[in-house]
Amino acid sequence: MNTASRGQIALNYTLLILFSFMALFPVFGVFLASVYPSGTQPSSFAPPPHWDFHNFVTAWTNGHFSMYFRSSAIVAISTVVFSTVLSILGGYAFGTMRFRGSKVLFYTFIIGLIIPTEATIVALYYDIRSLHLLDTYTALIMIEVSGEVAFGVFWMRAAFMSAPRSLMEAARIDGASTWKLMWRIMIPFAWPAILIFMVLTFADSWDEFFLALVFTTSDSHLTAPAGLQVFSSKYLLNVPLVAAGAVIVSVPIIVVFLIFQRQFIRGVLTGAVKQ
């Protein structure tokens with residue numbers, strides 16, 4: 001290994017450590033604040049005099065996070081399922097088929113990535129109200145899916161387009177139909193990309209805050225981040241309790257990533273190699 005290669009490796013590790021520290025330092029600070037005795041004022045990134053893990057029990061009970069977790073789970077899981085199915089179908093069509101208006105229709109999907117939800121929130125509110133879907137899970141799921149599919153079609157199109165043409169031609173010669181080609185050949189081939197999309201969609205849906213505040217009127221349909229905002233408004237001066245609530249809300253995303261981290265990293269590396 002020459003000097004240039006060693007220097008490049010050292011630079012890579014230095015950057016990784018730097019960015020990891022920047023990402024984890026605030027998380028570590030919130031966790032430290034959450035184990036301070038309730039009602040005390042945490043010091044800046046200093047360990048507490050004694051660790052009070054009962055804050056998590058108090059926050060879970062007083063904050064009604066079981067109800068908020070149920071709402072977030074319904075919205076997130078439903079969004080993942082519908083978004084994944086629609087994105088696979090759309091990405092397969094745009095990535096492997098040529099039909100009239102395909103480019104125009106694809107770029108129409110791309111517009112969904114460009115226009116922020118905040119720019120259309122007023123129109124969305126009146127549309128949802130006219131459909132009598134305010135304060136329902138259906139409204140949150142519909143809007144979430146519409147946003148995720150815009151990215152999902154773009155993502156899955158790229159995944160399907162990276163498949164070798166010879167693979168599809170061989171399946172066609174063996175008599176595979178379009179439907180069989182997608183489910184038996186292309187989906188297993190693109191599974192790493194599909195898994196990445198599912199994890200990202202779950203994280204994005206679980207973190208939904210803005211839509212839950214706009215389209216829900218009762219606490220029973222609030223998502224976990226929106227419920228955290230309600231909880232923090234009640235215990236504004238009790239920093240350890242609010243920090244404990246923040247840690248509780250973030251746990252599902254951390255658990256999902258830890259479960260799928262190997263597949264997630266493998267999918268990212270596979271995509272990088274194919275590119």
Side-chain angles (χ1 to χ4, degrees), residues 19-81 117-118 134-141 143-144 198-261 264:
F19 286 113
S20 298
F21 178 79
M22 292 173 61
L24 295 177
F25 189 66
V27 177
F28 181 69
V30 173
F31 175 76
L32 280 182
S34 68
V35 293
Y36 267 77
S38 179
T40 61
Q41 186 65 32
S43 302
S44 298
F45 298 99
H50 67 273
W51 297 56
D52 189 358
F53 290 98
H54 193 265
N55 289 335
F56 297 103
V57 179
T58 304
W60 177 268
T61 304
N62 296 353
H64 308 290
F65 281 105
S66 59
M67 177 176 62
Y68 300 142
F69 267 49
R70 181 191 62 194
S71 298
S72 282
I74 292 173
V75 173
I77 294 174
S78 300
T79 300
V80 169
V81 172
T117 304
E118 290 78 6
L134 286 178
D135 198 30
T136 63
Y137 293 128
T138 304
L140 297 177
I141 294 169
I143 300 173
E144 280 285 329
M198 293 174 67
V199 173
L200 294 177
T201 300
F202 177 83
D204 190 36
S205 302
W206 185 271
D207 281 338
E208 182 51 55
F209 172 76
F210 181 62
L211 294 178
L213 288 183
V214 174
F215 294 103
T216 59
T217 57
S218 63
D219 288 349
S220 60
H221 290 94
L222 284 178
T223 58
L228 177 62
Q229 192 273 338
V230 174
F231 176 72
S232 63
S233 65
K234 295 179 181 178
Y235 297 92
L236 185 62
L237 299 180
N238 197 331
V239 176
L241 272 187
V242 175
V247 172
I248 289 173
V249 170
S250 66
V251 165
I253 296 178
I254 297 174
V255 171
V256 168
F257 179 77
L258 290 178
I259 292 174
F260 295 104
Q261 62 174 325
F264 188 91

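Residue numbers start at 1 and run along the sequence shown.
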Euclidean distance, [Y] [atom2] relative to [X] [atom1], rounded to 0.5 Å:
X      : Y      : atom1 : atom2 : value
Leu211 : Leu140 : CG    : CG    : 6.5 Å
Leu134 : Thr216 : CG    : OG1   : 9.5 Å
Thr58  : Asp52  : OG1   : CG    : 7.5 Å
Thr138 : Ile143 : OG1   : CD1   : 11.0 Å
Thr79  : Glu144 : OG1   : CD    : 5.0 Å
Tyr137 : Thr223 : OH    : OG1   : 10.0 Å

Exercise: identify the closest heavy-atom pair between [X] and [Y]:
X      : Y      : result
Ser250 : Val247 : OG-O, 2.8 Å
Ser38  : Asn55  : CB-OD1, 3.5 Å
Ala246 : Val30  : CB-CG1, 4.3 Å
Ala226 : Leu213 : CB-CD2, 4.1 Å
Ser220 : Ser71  : O-OG, 2.8 Å
Phe56  : Ser34  : CZ-OG, 3.4 Å

Look at atom CZ of Phe28 and say whether more than 12 heavy atoms of other residues, nucleotides or ligands are closer to it than 6.0 Å.
->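 Atom CZ in Phe28 is not crowded, with 12 or fewer foreign heavy atoms closer than 6.0 Å.
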State whether the side chain of Asp207 and the backbone N or O of Pro225 hold a donor-acceptor pair below 3.5 Å, judged by distance alone.
->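 Not a single qualifying donor-acceptor pair exists.
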Is there a donor-acceptor pair closer than 3.5 Å between any side-chain N or O of Ser78 and the backbone N or O of Ile141?
->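 Between the backbone of Ile141 and the side chain of Ser78 there is no qualifying donor-acceptor contact (under 3.5 Å).
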Could you tell me whether the side chain of [Y] reaches within less than 4.5 Å of the side chain of [X], counting heavy atoms only?
X      : Y      : answer
Thr136 : Phe215 : no
Pro48  : Pro42  : no
Ser232 : Val242 : yes
Val239 : Tyr36  : no
Tyr68  : Val249 : no

Donor-acceptor pair between Ser218 and Asp135 side chains, under 3.5 angstrom =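 Yes - a donor-acceptor pair under 3.5 Å links their side chains.
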side-chain hydrogen bond (donor to acceptor under 3.5 Å, both in side chains) partners for Ser233, two or more places apart =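 side-chain hydrogen bond (donor to acceptor under 3.5 Å, both in side chains) list for Ser233, sorted by chain: empty.
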Check ring-ring contact (aromatic ring centres under 6.0 Å, His included) between Phe210 and all other residues, then give those that pass, not counting sequence neighbours.
->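 Applying ring-ring contact (aromatic ring centres under 6.0 Å, His included) to Phe210 gives none.
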Run the ring-centre check on Trp206 versus Phe69 and record whether the distance is less than 6.0 Å.
->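 Yes, ring centres under 6.0 Å apart.
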